[in-house]
Amino acid sequence: MATPKEASKRHGELVREIRAHDYRYYVLDDPTVTDAAYDALYAELRELERAHPELATEDSPTRRVGGGPRTDLKTVPHVERMMSLDNTYDEGELDEFLRRVGDGLPDGAAVSYCVEPKLDGASIEVLYRNGRLAGGATRGDGVSGEEVTENLRTIRSLPLVIPHEGPLTLRGEVVIYRRDLERINLERVQMGEPPFANPRNAAAGSVRMIDPREVAKRPLRVIVYGAVEGPSIAKTHSETLEKLAEWGLPTHGKHRNCRTREELRAAIAEIDRSRDVYPYETDGAVVKVDSYQQQHILGETAKFPRWAIAYKFSAEQAKTRLRNIVVQVGRTGALTPVAIVDPVQLAGTTVSRASLHNTDIIAELDVRIGDLVTIQKAGEIIPQIVGVHPEARSGDEVPFQMPRECPVCGTRVERREDEVAVRCPNRRCPAIVKGSIIHFSRRYAMDIDQLGEVLVDQLVDGGLVKDVADLYDLRVEQLSELERMGEKSAENVVAGIRASRERTLDRLLTGVGIEHVGQVAARQLAEAGGSLPRMLEWSEAEAREHVAGIAGFGPKMVESVVSFLFDPVQRALLEELAKRGVSRPQPMPEAAREGPLTGFSFCVTGVLSRKREDVHAAIRAAGGSVNDSVKKGTTYLVAGEKVGKSKLDQAKKHGTKVIDERALERLLGNEPL
Ligand code: IVH
């Protein structure tokens with residue numbers, strides 16, 4: 001074992017190296033090591049701290065996630081009031097602002113402005129004391145906010161230590177990159193949780209969670225846009241931003257200095273043009289008087305600083321009439337209100353439905369059926385109602401009330417203590433049964449593409465199927481009696497269902513919809529279980545032990561899996577599936593093979609000439625590894641037809657080589673070089 005002195009020296013080296021890699025990866029978006037190399041450093045650090053616990057100080061990278069969940073968040077006063085910005089929407093209003101600034105300063109004063117993106121996330125305050133991350137709070141009411149220090153510590157773009165000893169109170173925004181939101185929303189949908197409406201909601205919700213371990217799983221980032229102690233750091237705001245960046249803090253790095261109205265307009269237009277390629281949502285530009293001395297002279301109104309203004313970009317919005325709010329019931333039983341609006345053109349498509357997400361939002365906006373509403377579409381995201389126009393009311397509008405009974409089966413709904421969602425608890429509810437069958441047959445699960453929504457409706461409504469096990473008993477004669485179903489298609493459906501019995505256990509575990517278990521976790525669970533019959537032999541204690549031993553399975557996941565396996569209804573279902581021979585044993589993860597592709601990692605995307613799974617298998621057989629997404633260290637992105645832009649962007653970002661299918665075949669040795 002190392003002597004304490006050697007250990008301490010190595011500890012220092014590792015901490016410095018990991019911090020440097022975190023900075024390159026999370027702040028500069030430009031990593032220089034592979035995931036594996038980073039993980040090895042991190043593992044060594046953890047090991048060293050286990051042997052020498054005295055080295056594990058508060059600011060060690062291993063201490064990003066400390067204690068357990070709290071019961072609530074404390075309210076703390078801000079160092080200085082967190083003000084909001086006055087908004088302008090056009091150049092006339094911007095000219096107004098420039099005129100007011102001119103009027104507020106001594107005659108003939110030269111004014112320099114700093115123009116920067118307005119980040120659309122959740123506002124936060126971050127404190128560093130003696131060079132260490134010492135506190136953080138949400139904006140709250142501007143005077144005090146909720147203390148979220150432990151949560152902020154989990155955000156790796158935020159350094160735990162900076163080379164500046166003086167007090168430093170930063171203002172910034174917690175954001176989620178669009179590409180990260182796409183990924184977590186996909187996972188959430190797979191796990192039966194509602195997707196986030198937009199990156200801002202996701203960021204604001206995540207930063208206020210009470211369990212830092214859960215926060216650590218969300219891909220949050222902080223982007224700093226100012227410092228309260230700015231005047232003690234530099235003479236101008238833009239110099240402060242540059243100093244903060246030098247200290248390793250995550251700034252947006254996109255500010256421009258302007259002197260004239262024309263320069264300002266060009267800088268704003270430039271941000272508007274580029275915002276599609278920024279990884280985060282930007283809803284405007286902020287124009288700030290750059291000199292702190294001039295800011296001080298201008299002062300503030302009761303609400304806003306007089307030295308800054310937000311120039312908001314017009315989101316794609318439209319006004320329309322809210323005709324009705326219908327309530328849908330998903331496969332998990334969650335009731336979701338959906339707005340039905342008069343069809344209207346928005347961002348190039350006709351919109352007739354909009355999202356309302358949950359009852360809290362309905363109450364917050366006070367939306368009533370019959371109201372004139374503003375709907376908005378941001379990026380790829382589903383349109384949502386963002387405002388109402390009470391001045392246009394006739395008095396006949398009707399407030400919406402979440403039904404107390406499930407609109408599909410009439411069972412009294414329930415609200416779990418820790419959730420916003422209201423659920424139908426009846427597992428035989430046709431909406432839940434239909435949703436479960438659709439989920440079961442999805443491509444990423446049992447892949448039964450003959451089962452469309454219309455057929456599933458017919459099967460459930462006709463009483464032919466009451467759970468997924470019943471699918472395997474369907475006979476051609478029964479199906480061919482259904483409307484619009486010929487003998488040939490009936491045979492196809494039965495064959496498709498039968499073929500799905502050959503899917504491996506992980507697909508089945510994904511398909512049955514265990515809360516908090518997506519594709520990746522299902523595969524790990526399947527590897528731990530081996531086969532469905534084997535898993536069914538586990539006692540409850542054995543199950544708990546096996547599942548708790550899976551890497552990355554926290555208490556919530558373990559609980560969810562164990563209670564699923566021992567829930568009488570779910571267990572009976574799994575037994576019925578086992579009886580019908582559904583699912584093959586899970587192949588054990590192969591020890592990495594040696595081959596021409598050893599050491600290379602691949603992501604395969606788009607439409608290829610053969611099934612993606614087969615391409616994956618070929619890569620693995622040649623010693624390569626495969627990922628679902630392009631990450632740092634991914635060597636090749638194999639792009640088929642119709643490849644998505646986000647994958648290409650990621651490849652560009654991580655320096656991943658993009659190759660076509662033929663090039664892959666050459667690497668595999670199947671085509672001449
Ligand atoms: S400066 C006193 N700069 O916009 C001026 N704010 O209504 C303080 N925001 O909630 C704000 N990007 O969190 C400033 N580059 C930026 C910003 C920014 C986003 C947010 C801020 C606040 C809101 C202002």
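Remember, it's 1-based here, ligands and their atoms both numbered in the order they're listed.
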Visitor: Salt bridge or not between Asp30 and Lys652? Use side-chain N to carboxylate O under 4.0 Å.
Guide: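 Between Lys652 and Asp30 there is no salt bridge, as every charged N stays at least 4.0 Å from the carboxylate O atoms.
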Visitor: Could you state the interatomic distance from CD (Glu146) to CG (Asn151), rounded to the nearest 0.5 Å?
Guide: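 Nearest 0.5 Å value for the CD-CG distance: 10.0 Å.
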Visitor: To which protein heavy atom is atom 3 (N) of ligand 1 closest, and what is the distance rounded to 0.1 Å?
Guide: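 Of every protein heavy atom, Lys288 NZ, 3.0 Å lies nearest to atom 3 (N) of ligand 1.
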Visitor: Return the residue, atom name and 0.1 Å-rounded distance of the protein heavy atom closest to atom 21 (C) of ligand 1.
Guide: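 Its nearest protein heavy-atom neighbour is Tyr225 OH, 3.0 Å.
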Visitor: Give me the nearest non-hydrogen protein atom to atom 8 (C) of ligand 1 as residue plus atom name, then the distance to 0.1 Å.
Guide: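 Of the protein heavy atoms, Met83 O, 4.0 Å lies nearest.
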Visitor: Might you point out which heavy atoms bring Glu173 and Asp120 nearest each other, and give the distance in Å?
Guide: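 Minimum heavy-atom separation between Glu173 and Asp120: OE2-C, 4.2 Å.
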Visitor: Start with the C-alpha distance between Val79 and Glu125, add both sets of side-chain angles, then the distance that settles side chain to side chain contact (heavy atoms under 4.5 Å, CB included), and finish with yes or no.
Guide: CA-CA 9 Å; Val79 169; Glu125 174 173 83; 4.2 Å; yes
Visitor: Any N or O on Leu85 sitting closer than 3.5 Å to an N or O of ligand 1?
Guide: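 Between Leu85 and ligand 1 (N or O atoms, distance only) the closest approach is under 3.5 Å.
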Visitor: Below 3.5 angstrom, do we get any N/O pair linking Glu173 and ligand 1?
Guide: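 Among all N and O atoms of Glu173, at least one is under 3.5 Å from an N or O of ligand 1.
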Visitor: Could you tell me if Arg221 sits above the aromatic ring of Tyr26, with its cationic atom closer than 6.0 Å to the ring centre and no more than 45 degrees from the axis?
Guide: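 Not satisfied by the 6.0 Å and 45° rule.
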Visitor: Heavy-atom pairs closer than 4.0 Å: do any link ligand 1 to the side chain of Val286, the backbone, both, or neither?
Guide: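 It is the side chain that touches ligand 1; the backbone stays farther off.
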Visitor: Specify side chain, backbone, both or neither for Lys118, according to which of its non-hydrogen atoms lie closer than 4.0 Å to ligand 1.
Guide: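 Answer for Lys118: both.
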Visitor: With a sphere of 6.0 Å drawn around CZ of Arg368, does it hold more than 12 non-hydrogen atoms of other residues, nucleotides or ligands?
Guide: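 Yes, because the 6.0 Å sphere around CZ of Arg368 holds more than 12 heavy atoms from other groups.
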Visitor: If you take all heavy atoms of Gln294 and Val111, which pair is closest and at what distance?
Guide: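 Heavy-atom minimum between the residues: OE1-CG1, 3.7 Å.
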Visitor: Starting from atom 12 (N) of ligand 1, what is the nearest protein heavy atom, named by residue and atom, and what distance separates them?
Guide: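 The protein heavy atom lying closest is Leu119 N, 3.0 Å.
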Visitor: If you measure from CD1 on Ile375 to OG on Ser352, what distance do you get to the nearest 0.5 Å?
Guide: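 The CD1 atom of Ile375 sits 9.0 Å away from the OG atom of Ser352.
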Visitor: For atom 10 (O) of ligand 1, what's the nearest protein heavy-atom neighbour? Residue, atom name and distance, please.
Guide: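 Of every protein heavy atom, Ser123 OG, 2.9 Å lies nearest to atom 10 (O) of ligand 1.
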Visitor: Side chain, backbone, both or neither: which part of His252 comes within less than 4.0 Å of ligand 1 when only heavy atoms are counted?
Guide: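 Neither; nothing of His252 gets under 4.0 Å from ligand 1.
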Visitor: Could you tell me whether Asp59 and Arg63 have a side-chain N and a carboxylate O separated by less than 4.0 Å?
Guide: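 Salt bridge flag = no for Arg63 with Asp59.
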Visitor: Going by heavy atoms, is Gly121 under 4.0 Å from ligand 1?
Guide: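 The answer is no, since Gly121 has no heavy atom less than 4.0 Å from ligand 1.
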Visitor: Looking at atom 15 (N) of ligand 1, what's its closest protein heavy atom, distance included?
Guide: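 Answer, as residue, atom name and distance: Glu116 OE2, 2.7 Å.
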Visitor: Considering heavy atoms of the protein only, find what lies nearest to atom 2 (C) of ligand 1 and give residue, atom and distance to 0.1 Å.
Guide: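 It is Pro305 CG, 3.5 Å.
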Visitor: Answer with side chain, backbone, both or neither: which part of Pro117 has a heavy atom less than 4.0 angstrom from an atom of ligand 1?
Guide: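 Near ligand 1, Pro117 shows its backbone, while the atoms from C-beta on stay back.
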